Structure formats: C-alpha cells, structure tokens
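Each chain gets a letter, A, B and so on, in the order the sequences are listed, and its residues count up from 1. What you are looking at is a predicted structure, and each value in this text was computed from that prediction instead of being measured.
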Amino acid sequence: MTPPASIADREHDHAPIASAVVAWFADAARPLPWRAADVSAWAVLVSEFMLQQTQVARVQPRWEEWMRRWPTPADLAAAPPGEAVRMWDRLGYPRRALWLHRAATEIVERHGGRVPRDLDALLALQGVGPYTARAVAAFAFGDRHPVVDTNTRRVLARAIDGRPDAGPPSSRRDLEAMAAVLPDDPAEARAFNAAAMELGATVCVARAPRCDACPIAGRCAWRAAGHPASDAPRRPRQARFAGSDREARGLVMRELRAAHRPVPREDLEPVVPDDRLGRALTTLVADGLAVHSHGGYALPGS
DNA sequence: TAGCCGTGGGG
DNA sequence: TCCCCAAGGCT
C-alpha cells in the first residue's frame, strides 16, 4: 500500500480537478436514459453490456427496446438465448447478447432475480469484468468504487501524468490511479466516475481533443507541457475488416437474425461466397451463436 | 497475454 | 478512401 501521507498529498493535489470535472458534469452531462434516477440496477447492467466497445449513439435505441421487452432479469432468462441475439441486432460482438442472457439466468438462479450489489458477485457473472462490475456497483447502487474505462484512462493520463494517451491497460494500475483522484464522499465519487468518463467521451477525445471546452484545461499536465505528441509505440493495427472472418461471421449472423427458420447452407453461400463461410459456421456454432438443425443453421433455442 | 471478437461514426 | 477507435471481456 502507498503510505498514508502520500495518499493525502495526492488527494490534496487532485481535489480541485475532481471538483471542477464534477461541476462541469452537472451542466454538460448528456441526458442518457440509463442515468435517470429511477432506473433499476438491471437497466444499468444492460446498458453497460451494450456499451462495451460500442458508442452511446448506437446503444440508446437498442437499450430502450430491450428494456421494454425484458424489464427484469427473469424476463430475459425466460426467453430463448437466440431471441437475445436477435434483439441485439447490429450492436456488434453478439457474444455479448449471449453473455447477458447467461448473466440474467445466473442472477435468477443465484440471486433471486435481483442484480447483486457485491463486487465479487458481480464479477462472477458471465460477461462482467472489472469495468462493468464497478460501473454497476457505483452507478446502480451508489457504492464508492473507482470505475475506469478507456475514457477515464485517457483523461487521467493527460490531466495527471501529462502524457498524450494512456499506456497499456493494467486493471490494477488503472484502478490505483483512479483511486488516488476519487473523492471520499460516495455521492461525489459516483459523480466523478461518471464525469471523468463523460469528459473523455465528449471533450478529451482521443483524436482531436477540444481543450477550449475542457473544465480542467488550466490544471491539465499535458496541456501545461505543451501537448507533447505520443512517443509510445502505436498499438498494433486492427486487421482489415473487409474480407475478414469477422466480416463473414457478421454476414452470417445477419441472415440468421432475419430468418425465423433454419437457413440451409446453400442459402448462405451467396452471402459469403468464399472459404470463409465454413470457418464462420464452425466458429459460430462453437461460440453458441448458431445451431445446426433441420438441415440448416439457426439462432440458438429459438 | 496477446489476439480475437462486429459494426459504424468521424477525421 | 482509408484508418482510427470505440462505456471490455474471454481464452
């Protein structure tokens, strides 16, 4: 553990940053439906699953429809997993829909149908990792936990460390960095967790930060250093999507979602007219996203 | 642990 | 057009 004196020093140094970001958030926060005061923990959990690697603008309509259809974990658990995948539509990473369905089942079986508040219980749910568990505990239950996503990592790297971008993710190091800045008061901490994410998502963005709109520009270590450019090795370039197996899987899933009966393989060949089709079908079945039955492929359990 | 997993917005 | 990158998690 860090010596108490050091913690006190850091908190003293960073308190104005937290205050300024929270004050900015009070005005600048986007009115996202899952931030409403009366939403359930389940509603928050659903939003966090959908927001993993997916932008707010694409999530919002899916979330609205999802919550209307399955307002509780028990409602979703009672539906076939394939219906969750179908409702997920084109949010991407459809395994998340399967995991959310599984998590709902686990919540019913292990927690009486109520989303658990305890961090370890949350972490034990399928598809819930360090970010999502803390986000639910903090945002749905108001508990004081550091919540660190990619936006917060970037904000801390710039404002506190004076670097243009965050280093490689390290759950432990990232949580410690946020803990050093997090206000003591639980309500204030909750607000700062959300505010830091919001700042990173809307102002302190990766490509072209809008420092003129930033509430802590005057306290930002990166700005004070003259916005030095990144000297870190760029992260490996994402593989080209066009022509990839990923694309092929997405094309197959699109067909299976649209169909309400098994789709014969020959009907998929025009959609993926090359040797990616076989790999896509094999891996989709292995992932549980598709089943082979009645001479065709279909969503699971529907 | 590094690679993999969809899809789309924006520079 | 092309490429980056996005409220991560799993294996």
Side-chain angles (χ1 to χ4, degrees), chain A residues 25 29-30 32-35 43-63 85 88-100 102-103 122-140 145-155 164-166 168-172 174-175 178 193-202 204-210 230 233-257 272 276 279-280 282-284 286-290:
Chain A
F25 185 63
R30 294 166 292 179
L32 305 177
W34 46 86
R35 285 176 177 163
V44 173
L45 180 65
V46 171
S47 77
E48 296 300 346
F49 264 83
M50 291 184 171
L51 287 163
Q52 291 169 6
Q53 295 285 284
T54 306
Q55 302 90 331
V56 164
R58 296 175 51 207
V59 164
Q60 189 162 338
R62 291 291 87 201
W63 181 88
V85 174
W88 197 258
D89 197 39
R90 296 196 296 193
L91 278 182
Y93 295 138
R95 288 187 296 186
R96 289 182 294 166
L98 229 40
W99 292 341
L100 181 53
R102 173 88 63 87
L122 285 164
L123 281 167
L125 298 174
Q126 179 68 45
V128 174
Y131 164 76
T132 302
R134 287 173 177 78
V136 171
F139 299 143
H145 297 287
V147 180
V148 183
D149 76 333
T150 185
N151 294 303
T152 296
R153 281 165 36 72
R154 184 174 51 252
V155 168
D165 37 39
S170 157
S171 194
R172 168 148 165 230
D174 296 339
L175 289 171
M178 186 58 168
N193 277 318
M197 290 169 55
E198 186 83 346
L199 186 64
T202 63
C204 193
V205 294
R207 204 84 74 85
R210 303 165 43 229
S230 178
R234 289 314 302 169
R235 65 185 184 193
R237 287 174 33 159
Q238 196 171 31
R240 172 179 218 85
F241 185 65
S244 67
D245 283 357
R246 252 180 177 171
E247 179 191 44
R249 287 167 53 104
L251 292 170
V252 170
M253 288 306 295
R254 184 187 293 224
E255 295 302 312
L256 300 192
R257 285 194 307 267
V272 183
R276 291 178 296 161
R279 290 196 299 278
T282 299
T283 61
L284 288 172
D287 289 344
L289 285 165

Atom pair distance, as rounded to whole Å: [atom1] in [X] and [atom2] in [N]:
{"X": "A:Arg96", "N": "B:dT7", "atom1": "CZ", "atom2": "C1'", "result": "9 Å"}
{"X": "A:Arg134", "N": "C:dG9", "atom1": "CZ", "atom2": "P", "result": "10 Å"}
{"X": "A:Leu256", "N": "B:dG6", "atom1": "CG", "atom2": "P", "result": "13 Å"}
{"X": "A:Arg207", "N": "B:dG9", "atom1": "CZ", "atom2": "P", "result": "15 Å"}
{"X": "A:Asp165", "N": "C:dC4", "atom1": "CG", "atom2": "P", "result": "14 Å"}
{"X": "A:Gln52", "N": "C:dG8", "atom1": "CD", "atom2": "C1'", "result": "5 Å"}
{"X": "A:Asp245", "N": "B:dG3", "atom1": "CG", "atom2": "P", "result": "17 Å"}
{"X": "A:Phe241", "N": "B:dC4", "atom1": "CZ", "atom2": "P", "result": "14 Å"}

message: Using only modelled atom types and a 3.5 angstrom limit, is any donor from either the side chain of A:Thr54 or the base of B:dG6 paired with an acceptor on the other?
response: yes
- request: Classify the side chain of A:Gln238 and the base of C:dC5 as holding, or not holding, a donor-acceptor pair under 3.5 Å.
  value: yes
Give [X] one of three labels, base, sugar-phosphate or nothing, depending on what nucleic acid heavy atoms sit under 4.0 Å from its own.
{"X": "A:Pro169", "answer": "nothing"}
{"X": "A:Trp88", "answer": "nothing"}
{"X": "A:Gly129", "answer": "sugar-phosphate"}
{"X": "A:Arg90", "answer": "sugar-phosphate"}
{"X": "A:Ala206", "answer": "sugar-phosphate"}
{"X": "A:Arg154", "answer": "sugar-phosphate"}
{"X": "A:Thr132", "answer": "sugar-phosphate"}
{"X": "A:Leu123", "answer": "nothing"}

So which nucleotide from [options] ends up closest to the side chain of [X]?
{"X": "A:Arg240", "options": "C:dC3, B:dG8, C:dC10", "value": "C:dC3"}
{"X": "A:Gln55", "options": "C:dA7, C:dG8, B:dG8", "value": "B:dG8"}
{"X": "A:Arg35", "options": "B:dG8, C:dG8, C:dA7", "value": "C:dA7"}
{"X": "A:Arg58", "options": "C:dG9, B:dG8, C:dA7", "value": "B:dG8"}
{"X": "A:Tyr131", "options": "C:dC10, C:dG8, B:dG8", "value": "C:dG8"}

message: Can you tell me if A:Arg30 has over 12 outside heavy atoms packed within less than 6.0 Å of its CZ?
response: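 Atom CZ in A:Arg30 is crowded, with more than 12 foreign heavy atoms closer than 6.0 Å.
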message: For the CZ atom on A:Arg102, are there more than 12 heavy atoms of other groups (residues, nucleotides or ligands in this structure) within a distance under 6.0 Å?
response: no
When you compare [N] with [M], how far apart are their [atom1] atoms, in angstrom units rounded to a whole number?
{"N": "C:dT1", "M": "B:dG6", "atom1": "P", "result": "25 Å"}
{"N": "B:dG9", "M": "C:dG9", "atom1": "C1'", "result": "23 Å"}
{"N": "B:dT1", "M": "C:dA6", "atom1": "P", "result": "22 Å"}
{"N": "B:dA2", "M": "C:dA7", "atom1": "P", "result": "23 Å"}

query: Any side-chain donor-acceptor pair under 3.5 Å between A:Arg210 and A:Thr202?
result: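 Not at all, the side chains of A:Arg210 and A:Thr202 share no donor-acceptor pair under 3.5 Å.
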Test item: side-chain donor near acceptor, A:Tyr131 and A:Gln52, under 3.5 Å: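 Looking only at side-chain atoms, A:Gln52 and A:Tyr131 do not form any donor-acceptor pair under 3.5 Å.
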- prompt: Would you say a side-chain N or O of A:Thr150 is under 4.0 Å from OP1 or OP2 of C:dA6?
  reply: yes
- prompt: Is it true that a side-chain atom of A:Arg96 and a backbone atom of A:Gly127 form a donor plus acceptor pair closer than 3.5 Å?
  reply: no
message: Any side-chain to backbone donor/acceptor pair from A:Arg249 onto A:Asp245? Under 3.5 Å, distance only.
response: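 No, because the side chain of A:Arg249 does not come within donor-acceptor range (under 3.5 Å) of the backbone of A:Asp245.
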field: Closest-nucleotide ordering on DNA chain B, the 5'-leading residue of A:Ala239 and A:Glu247
entry: A:Ala239
field: For the student: nearest non-hydrogen atoms of A:His145 and A:Asn193, plus distance
entry: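 A:His145 and A:Asn193 have their closest heavy atoms at O-ND2, 2.7 Å.
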message: Go nucleotide by nucleotide along DNA chain C from the 5' end; which of A:Gly127 and A:Arg30 gets its closest nucleotide reached first?
response: A:Arg30
statement: By nearest-nucleotide position on DNA chain C, the 5'-leaning member of A:Val128 and A:Leu51 is A:Leu51
